[in-house]
2 protein chains.
Amino acid sequence: MNDTQQVMAHFEATCRAHGLKLTHQRMEIYRMLLQSTEHPSAETLHKQLATRLPTLSLDTVYRTLATFEELGLVKRVETMSSQARFEAVIDQHHHFFCDQCGKLIDFHWHLFDSMGLPESLQTVGRIRNKNVVVHGVCDQCLSGEKSRS
Amino acid sequence: MNDTQQVMAHFEATCRAHGLKLTHQRMEIYRMLLQSTEHPSAETLHKQLATRLPTLSLDTVYRTLATFEELGLVKRVETMSSQARFEAVIDQHHHFFCDQCGKLIDFHWHLFDSMGLPESLQTVGRIRNKNVVVHGVCDQCLSGEKSRS
DNA sequence: TAGGAGTTAAGAATAAATCTTATTTGATGT
DNA sequence: ACATCAAATAAGATTTATTCTTAACTCCTA
Ligand SMILES: [Mn+2]
Ligand SMILES: [Mn+2]
Ligand SMILES: [Zn+2]
Ligand SMILES: [Zn+2]
């Protein structure tokens with residue numbers, strides 16, 4: 001749980017370390033993703049940034065997110081929704097996905113994180129990470145309060 | 001581990017129960033998916049069926065897979081590849097995904113399956129299922145034997 | 001503060017999936 | 001076997017998400 005200042009400093013350091021220019025667009029996209037808790041799509045981000053960067057192109061959002069992903073600053077969330085969903089890389093966590101409205105909810109599961117993988121996986125190759133995806137219907141959808149966003 | 005005859009019988013029964021016609025296309029698509037171990041995309045399936053059903057349209061593959069998914073006969077696999085990947089619904093299992101070539105490998109993890117979810121998830125809504133997705137690089141890719149399919 | 005590599009905006013292009021419509025087919029009853 | 005017809009399909013158009021192309025722009029360094 002770093003404070004925003006520190007995270008932004010790390011962001012800038014990472015960009016510099018990779019010879020990337022600190023453009024207004026990159027700063028704002030990253031900042032927006034940091035603030036967000038909703039795992040936005042590129043399109044959602046683009047809309048949310050419209051006020052601050054009225055000329056920002058959707059392509060730049062996609063391109064920038066891909067760049068950040070390569071630097072390990074951003075993750076693409078495991079989901080089957082048609083649009084990709086993103087989040088700033090923070091601590092290790094997992095996701096609940098509402099099959100009805102597409103909402104993503106973070107949760108932590110230390111017991112799982114500390115478990116070793118089953119034997120059968122020892123031979124498949126190099127393992128990078130393991131994640132849990134829980135599917136279901138969120139509370140709001142159950143109570144019929146909210147329609148598909 | 002049902003034998004194919006039995007599974008096909010169950011398939012036909014399910015279709016009938018839902019008032020679906022047993023078309024040549026539906027039979028062949030389902031049979032092909034049953035045989036397959038590679039979690040094919042709609043396009044891959046379409047190509048593989050070209051010999052048996054030369055006039056089969058890609059749209060029918062998509063439409064049929066969607067129908068089967070609704071009946072619970074087919075699952076869309078959790079993956080971030082651009083094309084959706086499918087499998088016939090069999091027993092509960094999880095997936096290793098090779099980030100390099102897109103190969104999907106099944107594995108079982110009873111210990112995980114029998115675990116309860118963390119407390120924090122008790123309040124999010126109704127839970128339908130929980131799955132593990134392991135990312136990494138497969139053996140073949142590590143030894144540089146196989147390029148992107 | 002000038003130069004230049006890297007970055008962006010805009011719109012074209014591509015790729016995956018879905019929709020439209022005319023034709024065909026599986027199921028049902030004869 | 002044959003007629004009927006709702007359901008399903010083939011073909012191709014369309015939509016949607018994402019990526020590419022290119023000319024203009026902007027951060028960085030000297
Ligand atoms: Mn998250
Ligand atoms: Mn599988
Ligand atoms: Zn919901
Ligand atoms: Zn591989």
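Just so we're on the same page: letters track the sequence lines, and every chain starts at 1.
- At least one side-chain heavy atom of D113(B) sits less than 4.5 Å from a side-chain heavy atom of H94(B).
- When the P atom of dA15(C) is taken as reference, atom OH of Y62(A) falls 16 Å away, rounded to whole Å.
- Residues L22(B) and F11(B) are in side-chain contact: their nearest non-hydrogen atoms beyond the backbone lie under 4.5 Å apart.
- Applying the side-chain hydrogen bond (donor to acceptor under 3.5 Å, both in side chains) rule to N129(A) yields no partners; only residues at least two apart in sequence or on another chain are considered.
- Using a 4.5 Å cut-off on side-chain heavy atoms (C-beta onward), F86(B) and R76(B) make contact.
- Residues E12(A) and M27(A) meet the side-chain proximity criterion, which asks for heavy atoms closer than 4.5 Å.
- D59(A) is linked by a side-chain hydrogen bond (donor to acceptor under 3.5 Å, both in side chains) to R63(A), counting only residues two or more places apart in sequence or in another chain.
- With a heavy-atom cut-off of 4.0 Å to chain A, the contacted part of DNA chain D has its first and last nucleotide at dA17(D) to dC28(D).
- Using cut-offs of 30° and 60° for the angle between ring planes, the H95(A) and H39(A) rings count as perpendicular.
- Hydrophobic cluster of V77(A): the remaining members, joined at side-chain heavy-atom separations below 4.5 Å, are F97(A), L104(A), listed by chain and number.
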Next item on the list: Test F112(B) against W109(A) for ring pair (Phe, Tyr, Trp, His ring centres under 6.0 Å), laying out the working first.
Entry: CA-CA 12 Å; F112(B) 172 85; W109(A) 199 358; 5.8 Å; yes

Margin query: For nucleotides 1-11 of chain C, give me one character per nucleotide, 5' to 3': B if any protein heavy atom sits under 4.0 Å from the base, S if the only such contacts are to the sugar-phosphate, - if neither.
Written below: ----BBSBBBB

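- Between R31(A) and Q35(A), the closest side-chain pair of non-hydrogen atoms falls below 4.5 Å.
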Please list every donor-acceptor pair under 3.5 Å in which a side-chain atom of residues 48-56 of chain A meets a protein atom from a residue at least two apart or in another chain.
from	atom 1	to	atom 2	distance (Å)
Q48(A)	NE2	E38(A)	OE2	2.5
R52(A)	NE	E28(A)	OE1	3.3

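- Contact of the I29(A) side chain with the L33(A) side chain is not registered, since no non-hydrogen atoms from C-beta on lie closer than 4.5 Å.
- When the C1' atoms of four end pairs are superposed on the next four at each end of the helix from dT1(C)-dA30(D) to dT30(C)-dA1(D), using five pairs per end, the two resulting axes differ in direction by 40°, to 10°.
- Among pairs with a residue in residues 116-143 of chain A, those fulfilling salt bridge (charged side-chain N to carboxylate O under 4.0 Å, His left out) read R128(A)-D99(B), at least two apart in sequence or across chains.
- Within the hydrophobic cluster formed by Ile, Leu, Val, Met, Phe, Trp and Tyr side chains joined at under 4.5 Å, directly or through other members, V89(A) stands alone, with no partner residue.
- Across all strands shown, L58(B) has no heavy atoms under 4.0 Å from either base or sugar-phosphate atoms.
- The stretch residues 69-84 of chain A touches DNA chain D through S82(A), Q83(A), A84(A), each having a heavy atom within less than 4.0 Å of the strand.
- Using a 4.0 Å cut-off on heavy atoms, none of the residues of residues 41-50 of chain B approach DNA chain D.
- Taking K21(A) as the reference, T23(A), R26(A) meet the side chain to side chain contact (heavy atoms under 4.5 Å, CB included) condition, with sequence neighbours excluded.
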